[in-house]
Amino acid sequence: MHDSEEALFRAVHGIAGRFAGQPVPVVMEALLRHLPKAPGLEVTEIRKIAEEISVGRDPSGL
């Protein structure tokens with residue numbers, strides 16, 4: 001795994017732990033604030049990640 005991918009997965013994992021069960025807009029705001037810049041990461045993908053976290057899942061795979 002590349003360093004940038006690992007940083008991304010770790011950031012998602014941390015946010016998932018802190019924001020599980022929160023409304024999607026709250027999780028989206030946290031993701032947009034804390035995710036490292038990653039090529040190809042689109043807002044639609046970030047929204048899908050936020051939706052997963054909102055229902056209590058950790059989409060990082062960690």
Side-chain angles (χ1 to χ4, degrees):
M1 184 179 325
H2 297 285
D3 290 340
S4 61
E5 289 176 348
E6 184 173 346
L8 181 64
F9 287 119
R10 290 195 182 285
V12 168
H13 180 68
I15 292 166
R18 290 190 309 269
F19 290 89
Q22 296 293 314
V24 172
V26 172
V27 180
M28 276 285 294
E29 183 180 328
L31 288 168
L32 291 171
R33 257 195 334 249
H34 297 289
L35 286 182
K37 300 296 180 202
L41 187 60
E42 305 278 333
V43 173
T44 55
E45 292 176 69
I46 294 172
R47 176 151 183 99
K48 289 177 187 175
I49 293 168
E51 290 170 351
E52 290 288 311
I53 293 171
S54 182
V55 296
R57 295 188 189 113
D58 180 354
S60 72
L62 299 177

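Keep in mind that what you see is a predicted model, and the values were worked out from it rather than measured. Positions are given from 1, in the same order as the sequence printed here.
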Determine, step by step, whether His13 and Phe9 satisfy the side-chain contact (heavy atoms from CB on, under 4.5 Å) criterion, reporting the C-alpha distance in whole Å, the side-chain angles of both residues, the deciding distance to 0.1 Å, and the verdict. CA-CA 6 Å; His13 180 68; Phe9 287 119; over 6 Å; no

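By the rule that hydrophobic residues join a cluster once side-chain heavy atoms approach within less than 4.5 Å of another member, Val55 and Ile53 end up as members of separate clusters.
Using modelled atom types, no side-chain atom of Ser60 and backbone atom of Arg10 make a donor-acceptor pair closer than 3.5 Å.
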Show every donor-acceptor pair shorter than 3.5 Å between a side-chain atom in residues 27-37 and any protein atom, with sequence neighbours excluded, or say none if there are none.
unit_1: Glu29; atom_1: OE2; unit_2: Arg33; atom_2: NH1; d: 2.8

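The minimum heavy-atom distance between Arg57 and Ala16, with the atom names listed, is O-CB, 4.2 Å.
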